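Let me begin by presenting the structure, written as structure tokens, before commenting on it.
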Amino acid sequence: MKSCAHWLAAGLFLFVGAVYVLMSPGRIDIIDGQCRFEVARSLVEAGQPTLRDPALQWIGVRGKDQRLYSHYGLGASAMGVPLVALGKIGDDWKGERQRFLFSLTCALVGAGLAVVLFFFLLDLGVSPGRAVVWTLVNAFATLTFIGATTTFDNLQQALFVLCAAWCAYRSARRQSVGYALAGGLCAGWLVNFVEHLVLLWPFLALMCSRVNITRPPWSGDMRPWLTHLWTDFWKTDAGRASLQRIAAFSLACGVGLVIFGVYNTLRFGHPLATGKFDIPGHPSFWAIRSMVCRASSSAPAKGYCGTARRSCWRSLATPGCGRARLWWRR
């Protein structure tokens, strides 16, 4: 059975990846992707995450050394570094081979996501045949297909969310600290795409627990619920083991946070400085918040459309959540 699953996973990776590669535009189709490519190319050729293309000066931000940097995180550029390095082999003086290979990053990521989803479904008790069918449905009949045929990095984020959730689930099921550490490393890397993904860390960490956490009361006295939670986690062997795995997961998340801080410090001199609010013509942090509040109050549908759109991508990474909840109840 295990050997069969591995062959099925290999077939899914090759088939899904081939379709994605054939359907991809074969070029960098957004300015965001061009910035991330230039950072990846600079890392390969110069060992520095700078923007060297004069055409991108309008979107670049001057760092502490007066060099031009991108305000995007390291995540998507680092994912494309192996392909850019591969494209550098041979005569490629115009860099077109590097651009072409970089544009296929999400196609390969999408193929990898299909493999992880397949194994996740098997762990959730789905039969191999059904797991293959639902993996293909997710690959070609959802927004995953769109994300895999573009240079947007949303699908890369979804892959790491799914890997973190799968490792956390396996950590609880097999009572493994190793899987908790692996899941934490995946979750920690998310902050290097966009900062607000750290909000997922507590929920992913709780997937390492085998303690059945009931919903707290919406009103009334919460002390009985807190007492019951304290007893389950601190007074039982399963609870203490769950806390160890949660702590391991959280500790591993810190690796991605350290990389985030070091990357920002090297560019802008502060671990929390990303350059996003230093782009010429870009509104300040508080100006953005006031615009969002005004948009939400005057046109709620428009105010929340951006959040809903981004949530769709993140939801791609959790297709087995409903079944997982049923497993925990049992």
Side-chain angles (χ1 to χ4, degrees), residues 2 5-6 8-10 12-13 73-76 78-82 105-106 108-126 131 135 138 153-195 197-211 213 238-263 313-321 323-325 327-328:
K2 185 176 294 187
H6 289 159
L8 287 173
L12 282 170
F13 181 85
L74 177 64
M79 293 289 288
V81 161
T105 302
C106 285
L108 299 180
V109 167
L113 188 146
V115 172
V116 176
L117 176 59
F118 172 71
F119 282 121
F120 202 167
L121 291 174
L122 292 181
D123 283 350
L124 291 169
V126 181
T135 299
N138 179 74
D153 65 345
N154 301 85
L155 196 67
Q156 300 176 33
Q157 301 169 28
L159 172 65
F160 282 97
V161 172
L162 182 61
C163 287
W166 180 46
C167 289
Y169 175 82
R170 280 200 157 193
S171 170
R173 190 173 184 181
R174 302 186 181 190
Q175 302 186 44
S176 168
V177 175
Y179 273 113
L181 290 171
L185 291 174
C186 293
W189 186 246
L190 289 169
V191 73
N192 292 288
F193 289 99
V194 284
E195 299 81 9
L197 289 180
V198 300
L199 298 175
L200 295 177
W201 287 0
F203 306 101
L204 291 169
L206 285 175
M207 292 185 66
C208 298
S209 171
R210 292 185 66 91
V211 174
I213 303 175
R240 286 190 290 268
S242 295
L243 285 176
Q244 291 177 357
R245 294 191 295 271
I246 291 173
F249 185 98
S250 303
L251 183 65
C253 285
V255 175
L257 197 61
V258 169
I259 295 174
F260 173 79
V262 170
Y263 184 63
W313 292 104
R314 248 63 81 193
S315 67
L316 296 176
T318 52
C321 283
R323 194 174 182 92
R325 289 181 62 187
W327 184 87
W328 287 118

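Bear in mind that the values here come from a model prediction, so they are computed numbers and not experimental data.
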Sequence-distant partners of [X], side-chain contact (heavy atoms from CB on, under 4.5 Å), two or more places apart:
X: Val81; value: Ala40, Leu43, Val44
X: Leu251; value: none
X: Ala114; value: Val16, Thr135

Look up atom [atom1] in [X] and atom [atom2] in [Y], then write down how far apart they are to the nearest 0.5 Å.
X: Ile246; Y: Ser209; atom1: CD1; atom2: OG; answer: 4.5 Å
X: Leu204; Y: Leu206; atom1: CG; atom2: CG; answer: 9.0 Å
X: Leu243; Y: Cys208; atom1: CG; atom2: SG; answer: 11.0 Å
X: Phe120; Y: Leu113; atom1: CZ; atom2: CG; answer: 11.5 Å
X: Asn138; Y: Leu121; atom1: CG; atom2: CG; answer: 8.5 Å
X: Asp153; Y: Phe160; atom1: CG; atom2: CZ; answer: 11.0 Å

Sequence neighbours excluded, which residues qualify as side-chain hydrogen bond (donor to acceptor under 3.5 Å, both in side chains) partners of [X]?
X: Glu195; result: Lys276
X: Thr105; result: none
X: Arg240; result: Asp237

### Query
Which residue pairs pass the side chain to side chain donor-acceptor pair (under 3.5 Å) test with at least one member in residues 241-263, sequence neighbours excluded?
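Every side chain to side chain donor-acceptor pair (under 3.5 Å) pair that includes a residue of residues 241-263, provided the two are not neighbours, is Ser242-Arg245.
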Just distance, no hydrogens or angles: give the donor-acceptor pairs under 3.5 Å from side chains in residues 178-194, sequence neighbours left out.
residue, atom, partner, partner atom, Å
Tyr179, OH, Arg170, NH1, 2.9
Asn192, OD1, Phe260, N, 3.4
Asn192, ND2, Gly256, O, 3.3

What are the two closest non-hydrogen atoms of [X] and [Y], and how far apart are they?
X: Phe118; Y: Ala5; answer: CE2-O, 3.4 Å
X: Ala131; Y: Val126; answer: N-CG1, 3.6 Å
X: Leu162; Y: Leu117; answer: CD2-N, 3.8 Å

### Query
Between Phe119 and Leu122, does a side chain to side chain contact (heavy atoms under 4.5 Å, CB included) hold up when you go through it step by step?
CA-CA 5 Å; Phe119 282 121; Leu122 292 181; 4.2 Å; yes
### Task
Apply side chain to side chain contact (heavy atoms under 4.5 Å, CB included) to the pair Arg174 and Tyr169, showing each step before the final yes or no.
CA-CA 9 Å; Arg174 302 186 181 190; Tyr169 175 82; over 6 Å; no
### Message
Please evaluate residues Ser171 and Val177 with respect to the criterion side chain to side chain contact (heavy atoms under 4.5 Å, CB included), reporting the C-alpha separation (whole Å), side-chain torsions for both, the decisive distance (0.1 Å), and the verdict.
### Response
CA-CA 6 Å; Ser171 170; Val177 175; over 6 Å; no
### By ring-ring contact (aromatic ring centres under 6.0 Å, His included) - contacts of Phe13 (at least two apart)
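Result, ring-ring contact (aromatic ring centres under 6.0 Å, His included) vs Phe13: none returned.
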### Message
Taking the side chain as everything from C-beta on, heavy atoms only, tell me whether Trp201 gets closer than 4.5 Å to Leu257.
### Response
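Sidechains of Leu257 and Trp201: in contact.
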